[in-house]
Each structure stands twice: as structure tokens, then as C-alpha cells.
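Below: the structure, in C-alpha cells.
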Amino acid sequence: MTPPVKNDSAVHKFTGTENVKHFLISNSVPIIFIALSAIAIPISGFSAGYLIQEMLTRLARNSFLVLSLLIPIMAGMGLNFGMVLGAMAGQIGLIFVTDWAVVGIPGMVLAALISMPIAAFLGFICGSVLNKAKGREMVTSYILGFFINGIYQFVVLYTMGIRGLHIPITNPQLVLSRGFGIRNAINLTGIRRALDNALPLTHNFGHFTISIPLGTYVTIAAFCFFIVWFRRTKLGQDMRAIGQDMAVAGSAGIAVERTRVIAIVISTVLAAFGQIIFLQNIGTMNTYNSHEQTGMFSIAALLIGGATVSRASITNVFVGVTLFHMMFVVSPTAGKELIGQAQLGEYFRVFVSYGIIAVALVLHAWKRLQERERARRGLRGE
Amino acid sequence: MSAAPNLGMRRLLIRVALVAALVAISFVMYDIGKERNVLLDNKSASIDGVEYEALVGVSIIVDGGKKTGVRPDARIAHKMVGRTHTIRLEISEGGKSIERTVRLTMNMKSWMISLPALAGGARDIYIPRPAAAQPLPPPSPSGEPETPALGDDGPGESLMGI
């Protein structure tokens with residue numbers, strides 16, 4: 001005689017194997033990249049001290065930018081490829097402070113203050129456009145980035161300069177020899193590592209010395225607290241409601257479109273700050289290219305951290321930045337060691353950095369399919 | 001019924017105050033972060049009809065930084081961040097030490113400080129700076145743009161190949 005089946009709940013309880021399988025599927029992207037790193041690190045031959053130092057520097061450099069992506073995801077707008085708009089605004093701020101020779105932390109703060117209204121305006125445009133393209137936000141913001149890039153190039157290349165009716169930039173080191181247009185590369189000597197060295201911390205571990213850019217980490221920690229606090233505010237709750245279901249949120253009296261615009265404005269302004277922090281660490285600015293890579297690399301890092309288009313956390317940011325940059329550091333050398341040519345190692349690096357996004361998006365789509373199937377089976381009681 | 005306009009006015013006032021605060025902070029940041037290239041001149045100078053002779057065996061310390069020697073009839077450039085600075089002169093002859101606080105005001109376009117005047121206790125220690133770098137030449141009459149140097153020409157092919 002078979003024992004009676006407990007039928008007090010229609011929902012199927014998953015077994016241990018199923019839970020492990022679900023965990024592996026949910027975290028497949030970080031697991032793949034942990035495995036890749038585990039293979040590539042010994043091949044690359046880098047020391048532990050070097051890798052730890054690199055990761056600490058790169059975490060400080062990139063985390064703020066990646067964190068700026070969280071708020072639009074919360075509002076159900078996917079990955080904000082439009083963050084390059086904020087990056088452009090940040091760069092405009094940096095051009096001005098470099099021209100005015102305002103240095104150190106005050107220079108960074110001034111650059112942030114200059115970029116803030118520009119980023120807010122660009123964010124407003126981006127948010128308004130995305131409201132016309134609901135459900136296709138990612139591709140729309142990606143293309144909008146190219147559109148605004150054209151305007152940025154026009155402004156920087158033709159309206160800024162010494163001569164004519166231009167936005168005045170008087171430092172000849174910034175302006176092209178023809179008298180207008182900003183040079184391709186700008187030396188950010190005045191603000192180089194200003195925030196990183198604001199609170200310097202160095203520790204000797206015997207075999208190696210680690211230098212920690214504490215000033216930047218304190219700023220990132222403040223931003224993390226801001227995100228945690230923001231989620232609990234009325235606006236944060238509204239964004240989460242919109243992210244879950246726009247129609248229901250609208251019926252509940254939430255101003256859906258306005259809230260979505262605010263989400264993008266906040267993200268764009270924070271991306272501008274993030275770009276300033278990023279460039280102060282690098283120390284040079286590629287006027288016409290720096291911002292282009294920003295969106296792609298930040299999104300790739302977030303996806304590698306296990307985030308999805310609809311769900312991302314602060315943990316995903318730090319895990320993602322660490323894994324992405326670990327691959328970035330070790331893959332060229334590993335590629336070179338495996339294939340034997342430095343050029344091929346570089347190709348390997350480009351292949352990895354762009355391929356990551358494709359892999360992450362494909363895995364995301366596959367994971368969603370698996371989750372749907374799992375939910376269906378759960379409801380069926382299988 | 002008057003609550004709504006009051007609320008709108010209050011909101012507007014808060015926004016105006018925030019913008020004003022941002023502008024004010026920007027000015028403060030500019031003021032405290034502005035880097036000025038100051039020339040410290042050790043040549044004989046005549047200020048307000050008083051002659052000040054070049055100092056022999058003088059070292060200067062700016063804002064408690066590194067000690068630098070300045071020969072007679074020489075001048076050194078020093079980058080100073082902010083507006084108020086302390087310049088300390090140490091003269092080996094007689095073991096004299098003079099400290100003075102200088103203010104670099106925003107309305108001054110360039111700065112050159114006469115060290116002999118500073119040591120002599122002159123009220124005005126700023127002297128005219130030598131002619132600045134030559135201004136850019138006018139655009140070519142043909143209207144043709146100049147060909148910029150390699151790596152100096154704005155966005156190149158890499159930008160077009162996105």
C-alpha cells in the first residue's frame with residue numbers, strides 16, 4: 001500500500017538536487033568566470049600580491065560607475081546603456097577644471113558640480129525618449145548614446161577653443177593648434193589620484209606591499225549606503241513597484257513616466273560622478289573615446305557579477321567588477337602564454353571583454369527560460 | 001484653496017536655494033582649488049620709489065614645503081594652490097628669517113613676487129610679470145585649416161569604426 005500523498009499545498013517542494021541545480025543555473029555567469037579565472041591565473045604567472053593590488057585599484061576605479069546602473073534596473077528599465085551620456089557630462093566638467101587649473105579634491109568637486117546640470121539635462125532627454133520606447137529601453141538607450149555622442153563631438157571639437165564664437169578654453173595645451181577643438185588626449189595632472197590619495201593606506205605583507213585608495217572606497221561605501229537608503233524611500237518603493245509591473249503601479253496612482261525619468265536622471269548624474277572618479281584614477285582622458293567604453297564595460301561587469309536585466313544588487317557589482325577585471329588582467333598574458341604571440345593575447349582580451357556581454361545575455365535568456373519552466377513545474381506540482 | 005500656490009512657491013524657493021548653494025559651492029571650490037603659477041623674483045626692484053637690492057644667500061620655504069635656494073638676479077616658478085600662502089625667507093647673511101603671508105586675489109591675472117621687496121617689508125610686493133607667451137597666430141588667409149600633428153587631431157579612425 002502506497003503512503004498517502006500530502007496534499008495540503010499545491011506547490012511542489014524542490015529536492016536538494018533541484019535546489020543545487022537551480023543555484024548553479026542562477027549563478028552560472030559568475031561560476032563560468034570564476035572557472036575561467038581559475039584556469040587563466042596560473043597560466044598568466046602573476047603573483048598574488050600583484051593581482052590583489054590590481055583588483056583593489058580597479059575596484060576603486062570602476063565600482064562607482066557600475067553602481068550607477070542599479071537604479072534604472074530597480075525601475076524595470078534594464079541596463080542603462082545611456083550612462084555614456086553621464087560619462088560625457090563628467091568629461092565636460094573635467095575639461096573645464098583642467099582649463100581653469102583647479103586641482104585636487106576641489107577640482108574634482110567642481111568638475112562634478114559642472115557636470116551635474118549637464119548630466120541631469122541629458123538624463124531628462126534620455127528618460128523622456130525611453131518613455132516612448134517602453135519595453136525596448138536597452139537598445140533605445142544604446143542608440144541614444146551614439147546620437148548624443150555626435151552632439152558631444154560637435155560641442156567639444158568645434159565650439160570649444162580660443163578663437164571665434166566658442167565656449168572659451170584658454171589653455172593652449174588643451175586646444176588643437178588650429179585654435180578650436182579639444183585635443184584627443186588630456187593630461188589630468190591636477191586631479192590625478194586626488195581622491196585615491198586623499199586617505200592613503202599602505203600595508204606591508206612581507207612579500208608584497210598593498211596600497212589601498214581609501215578615499216575612493218569611502219566614497220563608494222557612501223554611495224552604497226545611499227542606494228540602500230534610497231530603496232526604502234517613497235521614490236525607491238515607487239521604482240520597485242514600477243519595475244515589478246508598470247500597469248499595476250500606474251493603477252495604484254504612481255506617476256510611472258515621471259518616476260522612470262527620475263531613475264534615469266539619477267543614474268546619469270551618478271555616471272557623470274563615476275566617470276570623474278574613473279578618470280582621476282587613470283590620470284589621462286581620451287576626449288573622444290573614454291566615454292564609449294564606459295557603458296559597455298560597466299554593463300559587462302555587472303552581468304558577470306550575476307545580475308540580470310531585471311535584478312541587480314550591490315553584491316553583483318563588486319563580484320562582477322572583480323571577476324571582469326581579473327579576466328582583463330590575466331587574459332592577455334594567459335593568451336600570450338597559450339598562443340605565444342603578444343598581439344594574439346591582445347585580441348584575446350578584446351574577444352573576452354566583448355564576448356562576455358554576449359555570453360551573459362545569452363545565459364540570461366536561457367536562465368529566464370529555465371526559471372519559467374521551473375515555476376511552471378512548481379505550480380503543476382511535478 | 002491657497003495651499004497649492006503656496007506649495008508651488010515653496011518648492012520653487014527650495015529649488016532656487018539649491019541652485020544658489022551649488023553655484024556658491026562651485027565658487028568656493030574654484031577659489032580653494034585654483035592653482036597659480038607664481039614667479040618668485042630675486043632681482044633688484046624699485047617699488048614706490050624705494051630701491052630693494054637682490055638678496056644674497058636666500059632660501060625660500062612656501063607653505064612649510066621644501067626649502068629652495070634662489071640666487072641673486074634669478075627667479076623661480078612656484079605652483080601655489082589656493083589664495084593665501086606663507087612665504088618664509090631665510091637669509092644666510094646674519095641668520096635672518098622673514099615670514100610673510102601673501103594673498104593672491106582673483107582679479108590679478110598674473111603673479112610675480114619680489115623677494116627683495118618682501119624682505120624689505122614693502123607693502124606692495126607684486127611686480128609686473130614678464131610678457132606672457134605669444135598669442136596664437138591669426139588663421140591662414142586662405143581659409144584652409146592647418147593640418148594638426150599626428151595624434152593631435154581630435155577623433156581619429158578609431159572613433160568612426162564603432
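Proteins come first, then strands; the chains are lettered A, B, ... in the order of their sequence lines, and each starts at number 1.
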When you measure from the centre of the six-membered ring of A:Tyr158, is the NZ or CZ of A:Arg178 closer than 6.0 Å and no more than 45° off the axis? yes
A:Asp238 versus A:Thr259, side-chain donor and acceptor atoms under 3.5 Å: no
Set of side chain to side chain donor-acceptor pair (under 3.5 Å) partners for A:Glu257, sequence neighbours left out: A:Lys134
Enumerate by number any residue of residues 20-32 of chain B whose heavy atoms lie under 4.5 Å from heavy atoms of chain A; in the absence of such residues, state 'none'. B:Leu22, B:Ile25, B:Ser26, B:Met29, B:Tyr30, B:Ile32
For residues 54-63 of chain B, run the donor-acceptor check on the side chains, cut-off 3.5 Å, and write out each pair with its distance to 0.1 Å, sequence neighbours left out.
from, atom 1, to, atom 2, distance (Å)
B:Asp63, OD1, B:Thr86, N, 2.8
B:Asp63, OD2, B:His85, ND1, 2.8

Would the distance check show the side chain of A:Ser290 and the main-chain N or O of A:Thr287 forming a donor-acceptor pair, the cut-off being under 3.5 Å? no
Partner chain B: residue of A:Val97, A:Asn286, A:Val103 with the largest heavy-atom pair count (under 4.5 Å): A:Val103
Side chains of residues 106-123 of chain A: which donor-acceptor pairs under 3.5 Å do they make with residues two or more places apart or in other chains?
from, atom 1, to, atom 2, distance (Å)
A:Ser115, OG, A:Ala111, O, 3.1
A:Ser115, OG, A:Ala112, O, 2.9

